[in-house]
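Below: the structure, in structure tokens.
Starting from 1, each residue takes its place in the sequence as its number.
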Amino acid sequence: MLKKWLLYGTSFCAIEHSTDKNNTDFYTGLQLSKKKKELTVTNRHQYNSIDEVIPFVKANKHAFLIINNQHVLSKKITVVNDSQTKLIQAAFPNIVISDFYYEIYSNDTESFISICRKEHIDTVIDLYSKKGISIVDFSLGNLALQNILPFIGNDNFNTSNAKITVENNKITIIEKKFVEDQTYIVNDLEVSNYELLPLGGVLSYYFDQNIEQIGLTQKTEGLKKTYQQKKLFDLGLKFWLGFLFTILLINFLVFSNYTTKADQLTIDVQLNEQTKNRLISLQEKVSQKEKVVKNLQSVSQSKVSRHLDEIAQLIPNTILLTNIYYQPIKSRVKKGKTILVTKNQIIVKGVSKKNEDSTHLISLLESKKWVDKVTIMSYGKQKNNMEFELLIHINNE
């Protein structure tokens, strides 16, 4: 069952090439699909040309062919249990057997023989093949009915162009006859008389056997083998393409994963580089500030403390100091610029009640040996007090 599913899928199709009473060609298509372990009719149609048949079969890609038109000669003879060659010679004594495909069906007393030129059959099969449709088997005349004998009773049945009598589950009469549409129930399938032979064709390759079919074995086995090789090649190609796609997909996913990790590492490296640059920048700033501190501490700490202590001792109670700057900054502090200070200078700012108090303070400061000179930077009255700013120049000791 798995092999059949791989080869044919779940749909089976048959096409009958036939002629009506006016000897006009027409084509009957029947498609059955396997659903829940049963065959059901999924598509059926009649066409006036083979070009119209192609789309019907193309979706299925494989079909059983029945040639039942003016190209087929059929005859009944009262000879059985003889070689195929003798049976054909008895029915058609003047033909070259090698030029014809033939099909034989025999009951207990008679043989039914249908023949058709190989050239015609091969041309039709090649036409379908060029359209991407594989003919996996075929039958001639009305002999495909033998494939549904196990499913029908003893009665008279009409096909597209013949009346067939069945007795004891064997065909006994095939009479050329055209009738109006009739409907039959075959194993719970409702089919018309035009669809009896296509149904026999479908069942033939669905069950993978031709019941008592004689004469077409070599050709049909060749068709099936060709189709199987083509199908296996297609399956193998699809498998390897699928396998290759899977490998490529896995490689893509792995590559994408590594690419994502590489991108993340690149981002981390960039962040680390930025962090490193910030650290370097901070270190430069710290270094600059250390230089400033060193500049500020160029004079020993003890000497600075001594000068500031002396200034504090000289301040009378009537004077309030507001600011003292040791080595004041020369210019405004700017980002990225070195901070410059004025060495050996102290700025003193304060407020006095009387003018004499600030004058006295200047005199006291000038009297100190470590003071080179005192410069009045600003002096003025503010409300009831006198504000002053003094610049003390320290000797370069």
When you look at T183 and E190, which way does the side-chain contact (heavy atoms from CB on, under 4.5 Å) test go after all the steps? CA-CA 7 Å; T183 301; E190 183 178 305; 3.3 Å; yes
Using the side-chain hydrogen bond (donor to acceptor under 3.5 Å, both in side chains) rule, take E387 and Y379 through it: C-alpha gap first, then chi angles, then the decisive distance, then the call. CA-CA 6 Å; E387 290 186 354; Y379 190 84; over 6 Å; no
Check against side-chain contact (heavy atoms from CB on, under 4.5 Å), N385 and K353: CA-CA 5 Å; N385 299 318; K353 292 289 185 179; 3.6 Å; yes
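In this structure, I346 is not a member of the same hydrophobic cluster as Y325, with clusters built from ILVMFWY side-chain heavy atoms closer than 4.5 Å. F26 and F56 fall into different hydrophobic clusters, where Ile, Leu, Val, Met, Phe, Trp and Tyr side chains are chained together by heavy-atom contacts under 4.5 Å.
Annotation: ring pair (Phe, Tyr, Trp, His ring centres under 6.0 Å) contacts of H360 (sequence neighbours excluded): none. Residues passing the ring pair (Phe, Tyr, Trp, His ring centres under 6.0 Å) test with F245, sequence neighbours excluded: none. Taking D25 as the reference, nothing meets the salt bridge (Lys or Arg N to Asp or Glu O under 4.0 Å) condition, with sequence neighbours excluded. Partners of S129 under the side-chain hydrogen bond (donor to acceptor under 3.5 Å, both in side chains) rule, at least two apart in sequence or in another chain, do not exist in this structure. Checked against salt bridge (Lys or Arg N to Asp or Glu O under 4.0 Å), K36 has no partners two or more places apart in sequence or in another chain. With sequence neighbours excluded, the residues satisfying salt bridge (Lys or Arg N to Asp or Glu O under 4.0 Å) with D126 are K130. A search for side-chain hydrogen bond (donor to acceptor under 3.5 Å, both in side chains) contacts involving E110 returns K76, not counting sequence neighbours. Residues forming a side-chain hydrogen bond (donor to acceptor under 3.5 Å, both in side chains) with Q182 (at least two apart in sequence, or on another chain): N158, Y184. For the side-chain hydrogen bond (donor to acceptor under 3.5 Å, both in side chains) test, no residue two or more places apart in sequence or in another chain qualifies with R117. Shown here are the ring pair (Phe, Tyr, Trp, His ring centres under 6.0 Å) partners of F92, two or more places apart in sequence or in another chain: there are none. With sequence neighbours left out, D108 forms a salt bridge (Lys or Arg N to Asp or Glu O under 4.0 Å) with K170.
Not a single donor-acceptor pair under 3.5 Å links the side chain of S111 to the backbone N or O of N107. T266 places a side-chain N or O within 3.5 Å of a backbone atom of A262 that can act as its donor or acceptor partner. Between the side chain of E52 and the backbone N or O of Y47 there is no donor-acceptor pair closer than 3.5 Å. Here the side chain of N22 pairs no donor or acceptor atom with the backbone of T24 at under 3.5 angstrom. Panel note: side chain N147, backbone A144; a donor-acceptor pair is recorded below 3.5 Å. For N395 (side chain) and K369 (main-chain N/O), a donor-acceptor pair under 3.5 Å exists by modelled atom type. The backbone N or O of S98 sits less than 3.5 Å from a side-chain atom of K118, completing a donor-acceptor pair. Judged by distance alone, with hydrogens and angles left aside, the side-chain atoms of N193 form no donor-acceptor pair with the main-chain N or O of F157 at under 3.5 Å. The main-chain N or O of Q46 is never found under 3.5 Å from a side-chain atom of T28 such that the two would form a donor-acceptor pair. Judged purely by atom type and a 3.5 angstrom limit, E366 has no side-chain atom pairing as donor or acceptor with the backbone of S363.
A donor-acceptor contact under 3.5 angstrom links the side chains of Y205 and H62, judged on distance only. Checking N68 against E16 by side-chain atom types alone, a donor-acceptor pair falls below 3.5 Å. Between the side chains of S11 and S33, at least one donor N or O sits under 3.5 Å from an acceptor N or O. Between the side chains of Y194 and T159, not a single donor N or O lies within less than 3.5 Å of an accepting N or O.
In plain terms, the two heavy atoms of F388 and V351 that are nearest each other are CE2-N, 3.8 Å. Of all the heavy atoms in I319 and S352, the pair that sits closest is CG1-CB, 3.7 Å. The two atoms that bring I171 and Y105 nearest to each other are N-OH, 3.1 Å, heavy atoms only.
When each of I311, I315, L314 is paired with L364, the side-chain contact (heavy atoms from CB on, under 4.5 Å) condition holds for L314 and for no other.
Within the model, atoms CD1 of I376 and OG of S378 stand 9.5 Å from one another, a figure rounded to the nearest 0.5 Å. Atom-to-atom distance recorded for C13:SG and K61:NZ is 14.0 Å, nearest 0.5 angstrom. Rounding to the nearest 0.5 angstrom, the gap separating the CG atom in N187 from the CD1 atom in I148 is 10.5 Å. Note that CZ of F64 is 9.5 Å distant from CG of L197, once rounded to the nearest 0.5 Å.
Ionic pairing of E195 and R44 is present here: one or more N-O contacts between side-chain nitrogen and carboxylate oxygen are shorter than 4.0 angstrom.
Between H17 and Y27, the ring-plane angle classifies as perpendicular under the 30° and 60° cut-offs.
Looking at heavy atoms from C-beta onward, L391 lies in side-chain contact with Q345 at the 4.5 angstrom threshold.
Screening residues 250-265 for side chain to side chain donor-acceptor pair (under 3.5 Å), with sequence neighbours left out, gives Q264-D268.
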